[in-house]
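Here's the structure we're looking at; comments come further down.
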Amino acid sequence: MKFEDLMAKCPKCGSQDKTAVRRFIDNHHAHAELKEFKCDNCGFVYETGKDYEDNEDETIKKGLIKELNKTM
């Protein structure tokens with residue numbers, strides 16, 4: 001999401017307050033990835049992180065993290 005998009009008003013309610021919701025990817029909460037950008041007022045979802053999940057490197061990284069967490 002571009003900086004201009006973060007400063008833009010919500011199309012539903014007109015609020016400029018947004019929150020970046022993150023998804024933690026390990027047990028220790030040290031690594032996170034973007035889940036979505038959401039309006040604080042009405043809950044309108046601007047952008048989801050699903051586009052980034054298709055990356056092959058991310059899939060490999062997630063698999064390695066799962067394997068490491070199983071051994072701990």
Side-chain angles (χ1 to χ4, degrees):
M1 178 173 260
K2 296 180 182 178
F3 184 73
E4 295 84 21
D5 297 336
L6 286 174
M7 299 304 296
K9 292 184 178 183
C10 176
K12 283 190 173 182
C13 68
S15 174
Q16 288 183 315
D17 299 329
K18 297 169 188 67
T19 302
V21 182
R22 300 182 308 156
R23 180 182 312 114
F24 293 107
I25 57 175
D26 67 353
N27 293 341
H28 309 290
H29 300 281
H31 301 284
E33 60 186 15
L34 177 67
K35 184 176 178 184
E36 61 194 8
F37 282 103
K38 189 185 252 187
C39 177
D40 288 341
N41 228 11
C42 67
F44 178 78
V45 177
Y46 290 92
E47 181 176 317
T48 62
K50 291 183 181 180
D51 297 336
Y52 306 111
E53 290 179 5
D54 295 335
N55 189 348
E56 185 177 327
D57 294 334
E58 291 294 321
T59 306
I60 294 170
K61 182 179 175 181
K62 287 179 187 179
L64 290 173
I65 290 173
K66 285 181 184 180
E67 288 297 318
L68 288 172
N69 285 333
K70 285 180 187 177
T71 60
M72 291 183 157

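Position 1 is the first residue of the sequence, and the numbers go up from there.
With sequence neighbours excluded, the residues satisfying side-chain hydrogen bond (donor to acceptor under 3.5 Å, both in side chains) with T19 are D40. Applying the side-chain contact (heavy atoms from CB on, under 4.5 Å) criterion to A8, with sequence neighbours excluded, gives no partner residue.
Remark: R22 CZ to K35 NZ distance equals 12.5 Å, nearest 0.5 Å. Rounding to the nearest 0.5 Å places CE of M7 at 7.5 Å from NZ of K18.
Scanning all heavy atoms of the two residues, the minimum distance from C10 to F44 falls at SG-CB, 3.9 Å.
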